[in-house]
Chemist: 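Can you read through this structure? Questions will come right after.
Please read these numbers as outputs of a predicted model, since none were measured by experiment.
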Amino acid sequence: MTGIEELLLSRIRDVADYPEPGVMFKDITPLLADPAAFTALTDALAEIAANTGATKVVGLEARGFILGAPVAVRAGLGFIPVRKAGKLPGATLGQSYDLEYGSAEIEVHAEDLFADDRILIVDDVLATGGTAEASIQLIRRAGAEVAGLAVLMELGFLGGRARLEPTLTGAPLEALLTV
């Protein structure tokens with residue numbers, strides 16, 4: 001384990017039975033409250049942005065906003081939020097996706113994405129991959145290229161990586177931690 005992995009893991013708190021019994025929630029708020037850990041996380045994700053040749057960062061609602069915005073600033077790139085349907089003003093492009101029970105939709109302002117953009121998608125956790133997969137499809141429908149997906153933590157036992165690899169079509173999926 002590297003020094004940054006140890007630092008990040010030491011600042012993530014396990015919360016048993018949240019949001020429902022049997023779930024072990026990984027709470028990143030202690031990491032965000034620690035300036036050294038948050039800076040290390042931001043620097044690591046900004047390095048991924050540079051390595052992928054990203055021109056913009058997309059953050060997925062809601063914790064992807066918290067991580068993606070400082071990464072974009074650190075990397076000297078623009079930031080674009082991908083939001084739940086109905087949260088962005090004006091014209092949007094939407095993408096529906098299935099949940100365990102029902103479906104959801106995310107949206108983006110398509111006018112913020114261009115054909116020559118290479119987008120790094122940033123989020124806190126990769127679980128089953130449904131939201132990430134929908135965001136990849138949404139970015140491509142808007143005409144931009146997906147440079148990669150970067151997450152703080154991958155919950156490997158939920159199979160999100162296997163689900164996303166065909167959709168990523170060779171773009172890297174970088175997880176700083178895998179649990």
Side-chain angles (χ1 to χ4, degrees), residues 1-16 18-19 23-84 87-88 106 108-109 112-114 116-136 138-139 144-158 160-161 164-165 168 171-179:
M1 186 178 303
T2 66
I4 187 169
E5 288 172 333
E6 288 180 12
L7 174 62
L8 297 176
L9 274 175
S10 75
R11 302 304 189 273
I12 296 172
R13 176 177 50 202
D14 286 343
V15 180
Y18 183 83
V23 173
M24 181 63 71
F25 184 79
K26 299 292 188 183
D27 180 16
I28 68 166
T29 58
L31 187 157
L32 300 174
D34 180 327
F38 194 17
T39 298
L41 171 59
T42 301
D43 289 346
L45 293 172
E47 183 176 333
I48 292 169
N51 291 342
T52 62
T55 60
K56 291 181 181 164
V57 172
V58 158
L60 304 182
E61 188 163 346
R63 289 181 298 264
F65 298 171
I66 297 168
L67 303 184
V71 167
V73 169
R74 179 67 46 96
L77 306 174
F79 176 78
I80 299 170
V82 167
R83 305 252 5 227
K84 294 175 183 171
K87 300 289 186 181
L88 290 171
I106 54 175
V108 69
H109 282 140
D112 294 334
L113 296 168
F114 301 97
D116 60 345
D117 279 330
R118 292 181 45 78
I119 306 300
L120 178 67
I121 302 165
V122 172
D123 205 2
D124 65 329
V125 173
L126 172 61
T128 62
T131 306
E133 183 178 49
S135 69
I136 292 165
L138 184 61
I139 289 163
E145 180 182 347
V146 175
L149 171 65
V151 297
L152 164 59
M153 186 175 9
E154 177 180 351
L155 305 180
F157 60 94
L158 291 176
R161 180 177 292 269
L164 290 177
E165 283 177 345
L168 282 165
L173 166 52
E174 300 282 347
L176 298 179
L177 303 171
T178 301
V179 295

Chemist: From Thr42 OG1 over to Glu47 CD, what is the distance, rounded to the nearest 0.5 angstrom?
Modeler: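 Output value for this atom pair is 13.0 Å.
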
Chemist: Kindly give the heavy-atom pair with the smallest separation between Ala144 and Leu113, and that separation in Å.
Modeler: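 The answer is CB-CB, 4.2 Å.
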
Chemist: Ignoring hydrogens and geometry, is there a side-chain-to-backbone donor-acceptor pair from Thr52 to Ala49 under 3.5 Å?
Modeler: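 Yes.
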
Chemist: When you look at Ile139 and Glu145, which way does the side chain to side chain contact (heavy atoms under 4.5 Å, CB included) test go after all the steps?
Modeler: CA-CA 7 Å; Ile139 289 163; Glu145 180 182 347; over 6 Å; no

Chemist: Is the closest side-chain heavy-atom distance between Glu174 and Leu149 below 4.5 Å?
Modeler: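 A side-chain contact is absent here, since even the closest heavy-atom pair is not under 4.5 Å.
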
Chemist: Which pair of non-hydrogen atoms, one from Ala132 and one from Leu164, has the smallest distance, and what is that distance?
Modeler: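 It is CB-CD1, 3.8 Å.
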
Chemist: Less than 4.5 Å apart, any side-chain heavy atom of Leu152 and any of Leu8?
Modeler: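 A side-chain contact under 4.5 Å exists here.
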
Chemist: Look at the side chain of Asp117 and the backbone N and O of Phe114, then say whether any donor-acceptor pair between them is shorter than 3.5 Å.
Modeler: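 Answer holds: yes.
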
Chemist: Rounded at 0.5 Å granularity, tell me how far CG in Asp123 sits from CD in Glu154.
Modeler: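 So the gap between those two atoms works out to 12.5 Å.
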
Chemist: Quick check: closest heavy atoms across Val57 and Gly68, and the distance to 0.1 Å?
Modeler: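 Shortest heavy-atom contact: CG1-O, 3.7 Å.
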
Chemist: Checking Lys56 side chain against Asp112 main chain: does a donor-acceptor pair fall under 3.5 Å?
Modeler: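 Indeed, once roles are kept as given, a pair shorter than 3.5 Å links the two residues.
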
Chemist: Counting N and O atoms only, with roles assigned by atom type, does the side chain of Glu6 sit under 3.5 Å from a partner on the main chain of Gly3, one being a donor and the other an acceptor?
Modeler: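 No, Glu6 side chain to Gly3 backbone: no donor-acceptor pair under 3.5 Å.
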
Chemist: Take Val151 and Leu176 through the side chain to side chain contact (heavy atoms under 4.5 Å, CB included) test and state the conclusion after the steps.
Modeler: CA-CA 7 Å; Val151 297; Leu176 298 179; over 6 Å; no

Chemist: Once rounded to the nearest 0.5 Å, what's the spacing between atom CE of Met153 and atom CG of Leu126?
Modeler: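 One finds 10.5 Å between CE of Met153 and CG of Leu126.
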
Chemist: Would you indicate whether Phe25, at its atom CZ, is surrounded by more than 12 heavy atoms from other residues, nucleotides or ligands within a distance under 6.0 Å?
Modeler: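 Yes, enclosed.
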
Chemist: Please determine which of Leu45, Leu41, Ile48 meets the side-chain contact (heavy atoms from CB on, under 4.5 Å) test together with Val71.
Modeler: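 Result for side-chain contact (heavy atoms from CB on, under 4.5 Å) with Val71: Leu45.
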
Chemist: When rounded to the nearest 0.5 angstrom, what distance separates CD in Glu165 from CG in Leu173?
Modeler: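 Those atoms lie 7.0 Å apart.
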
Chemist: Side chain to side chain contact (heavy atoms under 4.5 Å, CB included) between Leu77 and Leu120: does it pass, once the steps are laid out?
Modeler: CA-CA 10 Å; Leu77 306 174; Leu120 178 67; over 6 Å; no

Chemist: Looking at every heavy atom in both Phe65 and Pro81, which two are closest together, and how far apart are they?
Modeler: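 Of all heavy-atom pairs spanning Phe65 and Pro81, the closest is CE2-CB, 3.7 Å.
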
Chemist: Do the non-hydrogen side-chain atoms of Leu32 and Ile66 ever get within less than 4.5 Å of each other?
Modeler: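 Yes, their side chains come closer than 4.5 Å.
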
Chemist: Return the minimal non-hydrogen interatomic distance between Ala37 and Leu7, and the atom names on each side.
Modeler: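 Minimum heavy-atom contact is CA-CD2, 3.8 Å.
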
Chemist: Taking the side chain from Thr55 and the backbone from Arg118, do they hold a donor-acceptor pair closer than 3.5 Å?
Modeler: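 Here the side-chain-to-backbone pair exists.
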
Chemist: Can you name the nearest heavy-atom pair linking Leu67 to Phe38, along with the distance?
Modeler: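 For Leu67 versus Phe38, the nearest heavy atoms are CD2-CE1, 4.1 Å.
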
Chemist: Mind checking the CG-CG spacing from Asp27 to Asp124? Nearest 0.5 Å is all I need.
Modeler: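 The distance works out to 10.5 Å.
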
Chemist: Residues two or more places apart in sequence or in another chain: which of them pass salt bridge (Lys or Arg N to Asp or Glu O under 4.0 Å) with Glu61?
Modeler: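 For Glu61, the residues satisfying salt bridge (Lys or Arg N to Asp or Glu O under 4.0 Å) (neighbours in sequence not counted) are Arg83.
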
Chemist: Any chance you could measure Leu88, atom CG, to His109, atom NE2, to the nearest 0.5 Å?
Modeler: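 Result: 4.5 Å between the selected atoms.
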
Chemist: How about Val108 and Val58: do any of their side-chain heavy atoms sit closer than 4.5 Å?
Modeler: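 Contact flag for Val108/Val58 side chains = no.
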
Chemist: Apply salt bridge (Lys or Arg N to Asp or Glu O under 4.0 Å) to Asp116 and list each qualifying residue two or more places apart in sequence or on a separate chain.
Modeler: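 With sequence neighbours excluded, Asp116 shows a salt bridge (Lys or Arg N to Asp or Glu O under 4.0 Å) to no residue whatsoever.
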
